[in-house]
Student: 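One structure is given below, represented as structure tokens, and several questions about it will come after.
Labels below follow one simple rule: chain letters A, B, ... track the order of the sequence lines, proteins then strands, and each chain is numbered from 1. All values below were derived from every heavy atom in this structure, side-chain atoms included, with hydrogens, water molecules and symmetry-related copies excluded.
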Amino acid sequence: MDYDYKSIETKWQAWWASEKTFKAENHSDKPKYYVLDMFPYPSGAGLHVGHPLGYIASDIYARYKRLKGFNVLHPMGYDAFGLPAEQYAIQTGQHPEVTTTNNINTYRRQLDKIGFSFDWDREVRTCDPKYYKWTQWAFELMFKSWYDYDTDKARPIDELKAHFEKQGTEGINAAQSEPLSFTAQEWKAMDEHKRQETLMNYRIAYRGVSMVNWCAGLGTVLANDEVVNGVSIRGGFPVVQKPMEQWNLRITAYAQRLLDGLDTIDWSESVKIIQRNWIGRSEGTEMEFKVKGSDRHFTIFTTRADTIFGVTFMVLAPESELVKELTTPEHKAEVEEYLKYVEGRTELERMSDRRVTGVFTGSYAVNPFTGEDVPVWVGEYVLSGYGTGAIMAVPAHDSRDYAFARHFNLPVVPLIEGADVSKESFDAKEGIVMNSPRKGAASLDGFSLNGLTVKEAISATRKFVTEHHLGRVKVNYRLRDAIWSRQRYWGEPFPIYYKDGEPFCIPEDKLPLALPEISDYRPTETGEPPLGRAAKWAWDEKNACLADTSKIDGKNIFPIDLNTMPGFAGSSAYYLRYMDPHNDEALVGKEADDYWQNVDFYLGGSEHATHHLIYSRFWNMFLYDYGYSCKKEPFQKLVNQGMIQGRSNFVYRVNSDDHAKAPVFVSLGLKDKYETTPIHVDVNIVHGDVLDTEAFKAWRPEYRNAEFVLEDGKYVCGWAVEKMSKSMFNVVNPDMIVDQYGADTLRLYEMFLGPIEQSKPWDTKGIDGVSRFLRKFWRLFYDREKWLPEDGQPSRAELKALHTLIGKEQDDIEKLSFNTTISAFMIAVGELADLSCTKKAILEPLVVLISPFCPHVAEELWHKFGHEQSVSFAAFPQYKEEYTVEDNVTYAVSFNGKTRFTASLPKALGKAEVEEKVLAMEQTEKYLAGKNVAKVIVVPGKIVNIVLK
RNA sequence: GCUUUGGUGGUGGAAUUGGUAGACACGAGGGACUUAAAAUCCCUUGGGCAGCAAUGUCCGUACGGGUUCAAGUCCCGUCCGAAGCACCA
């Protein structure tokens with residue numbers, strides 16, 4: 001029987017599906033292992049060869065873990081809400097659900113062809129109301145929670161209310177939007193509206209006004225990375241900054257825990273660093289500055305408290321409320337003009353065009369250490385959102401302050417010995433402090449930093465500031481709360497209705513609040529989100545049910561929120577849902593959660609390093625606070641697979657003005673002799689950079705009569721590595737590869753391409769190599785129709801080939817070095833073929849070894865051996881013992897630094913014995929004939945070096 | 001600008017983490033089998049020099065230094081590429 005991958009693959013894929021081979025149970029005596037892929041967004045284009053790269057890797061790992069005796073959870077689902085389906089709906093009127101379902105079916109069909117070991121009974125779709133019920137549930141829980149820094153966890157908002165009743169804000173250390181302080185009496189005096197407003201300051205899911213990227217063309221808010229040069233990436237519509245009231249998640253409350261948690265998980269250092277940067281912890285000092293001639297004072301934040309003696313001016317953010325208060329009448333006109341200018345600049349302009357601008361307020365602040373007057377300026381380089389929106393400027397030691405000082409001709413006072421600040425500032429935190437205070441200048445309580453190192457000076461200043469109540473040590477984070485509202489249709493609705501403008505939750509037992517049908521997916525004429533078109537989108541509070549929008553009366557029937565949640569919502573807890581996907585009572589049942597704990601192995605693209613992977617960790621920590629998730633971190637080990645890039649091919653059309661003439665194309669090597677235009681050509685009609693000219697003529701009607709200038713009788717195409725995309729004609733569909741070579745070959749080849757973390761271009765050139773290997777592998781078992789494996793004692797060489805492979809495979813798979821594992825297979829199979837090995841004792845385990853990579857072939861052969869169930873590695877313990885590599889160490893023997901030969905000696909030998917043995921060797925004696933040995937150096941286990949006189 | 005990564009044959013990539021650089025594969029060239037093709041198998045394949053030959057020998061991991069008996073691997077400097085952050089005080 002020849003290797004007929006088509007019948008083998010369809011046969012076993014059907015068998016796995018009907019047997020539910022990969023169904024994972026929530027109970028087992030085996031240890032658990034949870035292998036997860038980042039679930040895909042089912043786009044209309046279907047899968048290309050880049051998508052399965054990660055899935056194949058994780059599937060190999062999952063199958064390997066099963067062989068090692070684990071109960072493996074390996075699920076798959078779809079991140080199905082999103083803008084493309086909605087955009088398509090706007091253009092065609094096709095309901096996003098229809099598009100999405102079609103796309104999912106295509107994905108499923110393509111995935112099934114590759115032979116993954118997913119437990120499809122656990123599939124989730126984020127757009128399924130049964131699923132997003134739990135997204136909405138978690139959101140409501142966040143709405144009903146506040147964050148307590150004292151216990152460092154989320155707690156029910158009712159507990160906060162009870163505290164306010166008794167003591168007001170006294171003794172509360174909560175995460176909040178604005179610092180509030182009131183007594184129990186004041187709380188009791190508040191009306192309901194005021195109380196709700198107050199609680200909003202503390203809720204973890206809260207409404208707040210924030211500046212957003214508003215895209216009128218798309219009718220929605222966009223994330224920063226969806227905007228380039230002031231226009232939307234999708235559609236190219238203009239984007240403006242606009243204040244809007246939005247739902248926010250108080251992720252900043254978790255900043256420190258998100259940071260600390262990174263030390264407990266096994267992620268690549270680069271992703272950890274990206275997250276650390278994103279969280280942006282900086283430890284500094286908040287200091288109070290008095291305003292000269294007034295009893296007002298304001299607060300600044302600095303990480304360089306030690307530079308207090310070099311402050312020559314202060315700068316306020318233009319948006320700061322202090323600007324109005326500190327502007328003197330003489331400067332009012334100037335300041336207002338400046339504010340107008342800043343307002344006219346978008347955030348993008350401020351970022352791309354960094355000019356030095358600012359204006360003097362007319363006020364002076366008093367340096368608390370020296371009593372000196374310092375002018376207060378306004379400048380757009382100070383951000384209102386970070387720190388206190390006000391800084392003390394030390395031009396000598398901060399490059400931004402320096403640029404500002406030079407531009408406005410403000411003084412620069414150097415504070416570090418030997419630092420030359422005539423051309424640029426000295427920003428480094430090193431050196432010996434001077435001028436602090438300057439000779440003869442006053443200083444509060446005679447405080448001096450002169451002679452200290454910068455580090456010493458920072459801590460000395462902090463201590464002094466705290467003791468003298470000039471300020472406090474403070475930690476700042478760059479992390480911002482997550483804006484959670486999107487003005488779209490195809491997302492999770494907020495389960496919130498509004499009474500008198502105040503938000504209230506739809507009762508938990510009425511969830512999910514399902515997305516209503518609408519006739520048109522565009523925003524409404526009045527600029528409301530698409531849900532503004534829904535006919536039945538009001539809440540009847542009395543009967544706890546949906547009601548017609550027209551019936552809203554503000555007494556019993558109230559409007560429901562018209563926004564939906566962003567894509568990150570559905571992906572924030574899906575890994576928990578997989579553990580217990582059919583549970584109607586909970587997101588995940590206690591037992592299932594206790595059993596599966598968290599994801600052991602998570603694989604996906606590094607583009608999610610900041611968004612999904614931060615939101616998901618936050619979401620999980622929040623659920624952990626309430627005991628719904630038993631682990632602090634959702635993803636124990638994270639691996640980022642690289643992207644598969646496209647490899648485009650070009651043909652070179654000879655330029656010609658005569659369009660009636662047949663187009664002429666010249667081969668790559670000859671193109672410099674002509675004037676040509678490169679044209680992308682479909683890579684599917686190019687083989688090894690040689691164009692199939694007949695297929696090319698058939699490809700496009702305008703090329704029907706094409707003529708070719710060939711070299712060596714072939715048309716050679718040019719090539720380039722580009723993004724895999726339809727417009728470059730370089731998309732390779734995995735279905736084609738499966739049809740042509742089989743799924744097992746595709747799996748092998750994608751892994752053989754290189755390390756999974758690495759991005760690389762797809763190039764089908766090398767696929768014949770693994771295809772050949774697989775046929776060779778097959779021939780170990782079959783000589784045409786004849787089944788070869790037979791009983792008998794394997795030879796030493798056969799055992800060695802097998803056991804070298806066993807060792808190598810286990811080492812390499814744990815390191816995820818699948819390409820080298822496959823090399824090891826090629827070597828082993830080559831050796832066994834040379835030995836004409838037909839021993840069952842070798843071939844049977846060989847099938848087990850290859851099964852993670854080529855499951856179809858393995859299943860076929862395994863059944864042929866007469867086994868029904870697959871086995872674990874542990875079922876062959878004798879293999880490791882039957883053949884033991886002698887416990888030797890290889891010494892490289894060198895003379896005067898040049899390696900001459902190697903010597904294999906027992907590990908147990910001591911230094912002197914090794915020297916003796918090596919010197920006694922024939923080769924050594926040959927080299928040493930008539931020479932004097934000066935010394936012999938033995939490095940344990942490594943090398944013996946003989947130095948001659 | 002800062003941070004993180006990389007730079008090895010014609011190509012994709014190996015190298016037990018400091019120990020015979022180029023495993024494995026592709027491509028290329030030569031050969032065997034065959035009427036022929038497919039398939040399969042064998043040999044050569046980093047560069048230079050010497051030799052009919054087995055082989056010997058020198059140079060080679062972006063570049064320049066250094067540490068070491070020994071460096072692709074560690075350290076310093078330079079050049080180039082990729083990714084992330086980007087007025088965060």
Student: Measure from CZ on A:F313 to C1' on B:A89 and round the result to the nearest Å.
Tutor: 11 Å
Student: Check whether any side-chain nitrogen or oxygen of A:Q758 sits under 4.0 Å from OP1 or OP2 of B:G13, and answer yes or no.
Tutor: yes
Student: Mind telling me if B:G9 is syn or anti? Syn here is a glycosidic angle within 90° of 0.
Tutor: syn
Student: In whole Å, measure the gap between the P atoms of B:A37 and B:G31 for me.
Tutor: 13 Å
Student: In this structure, how many angstroms lie between the P atom of B:G12 and the CG atom of A:L753, rounded?
Tutor: 11 Å
Student: Output the rounded distance in Å from OH (A:Y386) to C1' (B:A86).
Tutor: 14 Å
Student: A:R406 and A:E424: salt bridge (charged side-chain N to carboxylate O under 4.0 Å, His left out), yes or no, with the steps?
Tutor: CA-CA 10 Å; A:R406 283 284 180 245; A:E424 55 180 10; over 6 Å; no
Student: Take A:R304 and A:R779, find for each the nucleotide of RNA chain B with the closest heavy atom, and name the residue whose nucleotide sits nearer the 5' end.
Tutor: A:R779
Student: May I ask you to check whether over 12 heavy atoms, not counting those of A:E814, lie within 6.0 Å of atom CD?
Tutor: yes
Student: Where the side chain of A:D834 is concerned, which of B:C42, B:C87, B:G27 is the nearest nucleotide?
Tutor: B:C42
Student: For ring-ring contact (aromatic ring centres under 6.0 Å, His included), just list the numbers for A:Y477 and A:W278, CA-CA rounded to whole Å, side-chain angles, deciding distance to a tenth of an Å, and then say yes or no.
Tutor: CA-CA 9 Å; A:Y477 299 94; A:W278 191 262; over 10 Å; no
Student: Take atom CD of A:E809 and atom P of B:A23, then tell me their distance rounded to the nearest Å.
Tutor: 22 Å
Student: Rounding to an integer number of Å, can you tell me how far A:Q275 CD sits from B:U4 P?
Tutor: 17 Å
Student: Without decimals, in angstroms, what is the distance between A:N819 CG and B:A25 C1'?
Tutor: 11 Å
Student: Return whichever of A:D812 or A:M392 has its heavy-atom-nearest nucleotide of RNA chain B closer to the 5' end.
Tutor: A:D812
Student: Provide, to the nearest angstrom, the distance between the OH atom belonging to A:Y402 and the C1' atom belonging to B:A89.
Tutor: 18 Å
Student: Give A:I827 one of three labels, base, sugar-phosphate or nothing, depending on what nucleic acid heavy atoms sit under 4.0 Å from its own.
Tutor: sugar-phosphate
Student: Rounded to the Å, how far apart are A:K765 NZ and B:G13 P?
Tutor: 13 Å
Student: So that I can tick it off, tell me whether A:D306 and A:R304 are bridged by a salt bridge, with the cut-off set at under 4.0 angstrom between side-chain N and carboxylate O.
Tutor: yes
Student: With the side chain of A:T820 defined as its heavy atoms from C-beta on, choose the nearest nucleotide among B:A15, B:C41, B:C24.
Tutor: B:A15
Student: Are any of A:S282's side-chain N or O atoms less than 4.0 Å away from OP1 or OP2 of B:A89?
Tutor: yes
Student: Does A:P761 reach a base, just sugar-phosphate, or nothing at all? Heavy atoms under 4.0 Å.
Tutor: nothing
Student: If I compare all heavy atoms of A:V421 with all of A:F426, which pair ends up nearest, and what's the gap?
Tutor: CG1-N, 4.2 Å
Student: Would you classify B:U8 as syn or anti? Syn applies when the glycosidic angle is within 90° of 0.
Tutor: anti
Student: Have a look at A:N277 and say if it touches a base, only the backbone sugar-phosphate, or nothing, with a 4.0 Å heavy-atom cut-off.
Tutor: nothing
Student: OP1 or OP2 of B:A25 versus the side-chain N and O atoms of A:R772: is any pair under 4.0 Å?
Tutor: no
Student: Got a second to check how far A:L746's CG is from A:Y5's OH, nearest 0.5 Å?
Tutor: 11.5 Å
